Structures are given as C-alpha cells and as structure tokens.
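Okay, structure first, notes after.
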Amino acid sequence: MPYALARPFLFRLDAEAAHDLTMNLLARGQGTPLQWAWSQPMVSDPIELAGLQFPNRVGMAAGLDKNARCIDALSAMGFGFVEVGTVTPKPQPGNPQPRMFRIPQARALVNRLGFNNQGLETFVANVRQSKCRAQGKPMLLGLNIGKNALTPIEEATSDYLIALEGVYPHADYVTVNISSPNTKNLRALQSDDALDGLLGAIAVRREQLAAQQGRRVPLFVKIAPDLDADQVAVIAATLQRHGMDGVIATNTTIRREAVQGMAHADEAGGLSGAPVREASNHVIRQLRAALGPNYPIIGVGGIMSADDAVEKIRAGADVVQIYSGLIYEGPALVQRAARAIRQLR
C-alpha cells in the first residue's frame, strides 16, 4: 500500500510542511497517471439526505483542502462526498507558524491554522476547474464558509452572506462554520442571540438566492464538541427554527485531558483525532434526541477505523466525515469505513 511507505517520510517532516507537500502532490497528480497511487473504487451505499443523493456515507471533512485545489484527487479516493474550505471572503494568511502539530501516541493533531486561505475568488475559480462532476461522478461537493479574522464579530454576518452568495451556484451543500477555535470569538456565534441573528440572516439570503437561481442549496451548520446539554438543546431548536437542513457535529476540541503530559499537548488550537471521538459522539447523541429521527446529522471527529465510523452512525449520525484518520491511516480508511457502514443495512 503506497501510503504505508509514504507515512514514515511524511511524519519526519513538520506537520504543516507534510500537509503542504501532500496537497501539492495531489493537486499536480490529479487527472494524471500519478493518481493510481491513491485511487480506489467508490463503495456504493446510497442514502438520501437533505434532498441530496449521497453515493456512500463516508466524506472528507473540511480543513484539509482549504482552497479547493484537490477536489478531483479526493474524489478518486472513493469518498461519497467531499467538503472543501473553510473559505473567507478575503484572502488571509492565518495564524503565525508553527501552527500544526502531531501527537502520534494519541493518534491526534493540534492545529491553530486560523482559516488560512486564498479567498473567495480563488476558491470559486478552483471549484469551477474541478472535473469530477462534469465527468459524471456521483460524489457530492460541500463548500464550507467562515468569517475573516479582521472582521469584527459584530459584523460577522456580512462575511457569511458574502461567502454564501459566492459559493452558492457551485455547491451541492454549504456549511456555515461557527465552531473553529482558531478565529477569535468565532465560537461566540454559537450562543443564543448571536446564532439566532446569523442563521436568520443566512436563511433569508438563501431564499433570495434560491429564487434567483432556481435551486435551493441545503445549508448545514458545523458546531463544536465543547458544548453542554443546554447549549446543544438551544442550537438544535435554532437550527430547526431557521430551516437549516442539517448539522455537522463536531469540529475540534479545546479540551486536553486525553493528551495531558504528551509532547505538543499544551499547544493552543483545536485537538482532532482519536481523543475527540467520544465528545463528538456525545454531542451527536444529544442532537439526535433533540432533533428527532429524521433531521440530517453529519458525524465527524475521531474516526480512525471502520469500527469508529460504525460507532458514529450508531450514535445517531446519518453519514460521517474523516480528516485525522486520513492522515494516520491513509486512503484505505475510506473504503474500510464505507464497507463497514454498508454492513449496517
């Protein structure tokens, strides 16, 4: 398996350097004979969710391909859906380096990247250049939007509306990211009044765009794992009140109990990988109880094996996404997870 050979080399590099090297290779290799190194058939396990036909129940989480450069390469790995971004209206460099760290003994990552991206214009151009859907592949594409770091939190809604308008014609679904811990005050948008105002404005703009373009694109909201039961209940009610089509649970955690004493455990940022699995599952269970059996939930956080993916579905998710698992296990995890979930039928 090529990834088993590549991983030791990649893990000797700085985490962000390895990420950049990998993304450059994927961007240059997609659509060429190089793609054999990571290509695998898509497992068929269709499910209808939020009015969309997902070809299988395993997706790529946002954050890996922030600038939408590698959509075709990721499609070749067998994902049923790929989410790219987070994109902000204007380009921004993100937080100072170093800002990404591995904790291998915990199969975890810490990042404080801070929505580093090339901005909406470049992002949309890259999405338009991708070929997989024009070639008839059934993979769905999610576009994840956020606010610029320099935009005051009181003006955050304006950034989300600009980004929504820009990505809307090109997305199968749009994700509103209000849960990264690496943009100052962003998680405050999960609080009662702020969330109500933001989602109300986004809902109105979505209806305007749907009327103009003749297509109603589903909206998902991505939330944090670091929420208590009351906060989850308020978020669930607010999602339904404003007609949001689904929720993505969860983003990275700011808690560190699971990695205490390990190298890089005290680095600021969001912790992902195995240590966030149970916190994510706990939020998913609470959401499912609050939202009822039919509300779409995308489960993400700590899926490092096929069993973890099955556990996420049993917690209440309809479909799942992976990120850190891809870094630690390679593309083979996509097929393994998709096949294991299919066995649940």
Side-chain angles (χ1 to χ4, degrees), residues 1-11 15 18-19 21-23 25-26 29-30 35-47 54-65 70-84 100 102-109 111 132 137-140 142 248-252 271-278 280-281 284 298-315 317-345:
M1 179 68 195
Y3 190 74
L5 301 175
R7 194 187 114 156
F9 165 71
L10 291 171
F11 272 47
H19 174 271
L21 179 68
T22 303
M23 298 311 289
L25 175 65
L26 293 177
Q30 59 191 354
Q35 196 162 281
W36 73 267
W38 62 82
S39 292
Q40 51 192 359
M42 179 187 285
V43 172
S44 178
D45 181 25
I47 181 174
F54 287 73
N56 68 41
R57 291 187 273 174
V58 178
M60 179 73 237
L64 184 81
D65 187 7
C70 302
I71 294 169
D72 294 336
L74 294 168
S75 167
M77 293 181 192
F79 286 108
F81 60 112
V82 167
E83 190 171 318
V84 293
M100 185 186 283
R102 301 184 198 91
I103 309 180
Q105 61 268 51
R107 294 190 301 159
L109 300 169
N111 93 81
C132 59
K137 292 192 179 178
M139 183 200 84
L140 298 179
I248 302 182
T250 63
N251 214 315
T252 56
L271 175 71
S272 63
V276 81
R277 182 178 66 245
E278 187 44 49
S280 164
N281 291 350
I284 290 168
I298 298 177
V300 56
I303 296 177
M304 314 301 284
S305 68
D307 286 345
D308 293 340
V310 167
E311 184 184 28
K312 199 74 80 187
I313 297 291
R314 287 185 168 144
D318 297 291
V319 297
V320 302
Q321 291 177 326
I322 62 175
Y323 183 148
S324 299
L326 188 69
I327 307 302
Y328 278 92
E329 301 298 324
L333 177 59
V334 181
Q335 269 200 342
R336 289 199 298 263
R339 285 181 178 142
I341 291 171
R342 186 171 62 182
Q343 293 299 313
L344 294 174
R345 288 203 186 272

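Because the structure is a prediction, the values reported are computed rather than measured.
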Item checked: Heavy-atom closest contact (Ile284 atom, Gly299 atom, distance) -> CD1-CA, 3.7 Å
Next item on the list: Indicate the atoms forming the closest heavy-atom contact of Ala338 with Val43, along with that distance.
Entry: CB-CB, 3.7 Å
Next item on the list: Specify the closest pair of heavy atoms between Arg102 and Ala18, including all atoms of both residues, with the distance to one decimal.
Entry: NH2-CB, 3.4 Å
Item checked: Nearest non-hydrogen partners of Tyr323 and Leu64, listed with the distance -> CE1-N, 3.4 Å
Check: Roughly how far, to the nearest 0.5 Å, is the CD atom of Gln30 from the CG atom of Leu25?
Finding: 10.0 Å
Next item on the list: Please examine the side chains of Lys137 and Pro55, heavy atoms only from C-beta on, and report whether any two atoms are closer than 4.5 Å.
Entry: no
Note to self: Contact between Leu326 and Met60 at the side-chain level, heavy atoms closer than 4.5 Å - yes or no?
What the structure shows: yes
Item checked: Atom pair CG/CZ of Leu140 and Phe79 - distance to nearest 0.5 Å -> 13.5 Å
Next item on the list: Return yes if some donor-acceptor pair links the side-chain N/O of Asp65 with the main-chain N/O of Cys70 below 3.5 Å, else return no.
Entry: yes
Next item on the list: Side-chain contact test, heavy atoms from C-beta onward, threshold under 4.5 Å: evaluate it for Leu271 versus Ile103 and give yes or no.
Entry: yes
Check: Roughly how far, to the nearest 0.5 Å, is the CG atom of Leu344 from the CZ atom of Arg57?
Finding: 6.0 Å
Checklist line | side chain to side chain donor-acceptor pair (under 3.5 Å) partners for Ser305, two or more places apart | finding: Asp308
Notebook entry, point to check: Should Ile322 and Glu329 be marked as a side-chain contact (heavy atoms from CB on, under 4.5 Å) after you check the CA-CA gap, both sets of side-chain angles, and the distance that decides it?
Noted result: CA-CA 11 Å; Ile322 62 175; Glu329 301 298 324; over 6 Å; no
Check: Can you find a heavy atom in the side chain of Phe54 that is under 4.5 Å from one in the side chain of Asp318?
Finding: no
Checklist line | Other residues, nucleotides, ligands: >12 heavy atoms within 6.0 Å of Arg314 CZ | finding: no
Margin query: Keeping Asn56 on the side-chain end and Gly78 on the backbone end, is there a donor-acceptor pair under 3.5 Å?
Written below: yes
Next item on the list: Begin from the C-alpha positions of Ile313 and Val320 and carry the test side-chain contact (heavy atoms from CB on, under 4.5 Å) through to its verdict.
Entry: CA-CA 7 Å; Ile313 297 291; Val320 302; 3.9 Å; yes
Margin query: Is there a side-chain contact between Ile47 and Arg345 in this structure, where contact means two heavy atoms from C-beta onward sitting under 4.5 Å apart?
Written below: yes
Check: Which atoms form the tightest heavy-atom contact between Cys132 and Met139, and what is the distance?
Finding: SG-CE, 3.9 Å
Margin query: Could you walk me through whether Met77 and Leu26 satisfy the side-chain contact (heavy atoms from CB on, under 4.5 Å) test, starting with their C-alpha distance in whole Å, then the side-chain angles of each, then the deciding distance to 0.1 Å, before giving a yes or no?
Written below: CA-CA 11 Å; Met77 293 181 192; Leu26 293 177; 4.0 Å; yes
Margin query: For Gln40 versus Val334, what's the shortest heavy-atom pair and its separation?
Written below: NE2-CB, 3.9 Å
Item checked: pair Met100-Leu109: side-chain heavy atoms closer than 4.5 Å -> no
Next item on the list: Check for a donor-acceptor pair, side chain of Thr250 on one end and backbone N or O of Ser280 on the other, with a separation under 3.5 Å.
Entry: no
Margin query: Rounded at 0.5 Å granularity, tell me how far OG1 in Thr22 sits from CG in Leu10.
Written below: 4.5 Å
Next item on the list: Could you tell me whether a side-chain N or O of Trp38 sits under 3.5 Å from a main-chain N or O of Ala73, the two making a donor and an acceptor?
Entry: yes
Note to self: I want to check something: taking the side chain as every heavy atom from C-beta on, are Gln321 and Lys312 in contact at a cut-off of under 4.5 Å?
What the structure shows: no
Check: Pro41 versus Gln335: any side-chain heavy-atom pair under 4.5 Å?
Finding: yes
Next item on the list: Apply side-chain contact (heavy atoms from CB on, under 4.5 Å) to the pair Tyr3 and Leu333, showing each step before the final yes or no.
Entry: CA-CA 11 Å; Tyr3 190 74; Leu333 177 59; over 6 Å; no
Checklist line | Gap separating the OG atom of Ser324 from the CE atom of Met304, nearest 0.5 angstrom | finding: 5.5 Å
Check: Is a side-chain N or O of Arg7 found less than 3.5 angstrom from the main chain of Tyr328, in a donor-acceptor match?
Finding: yes
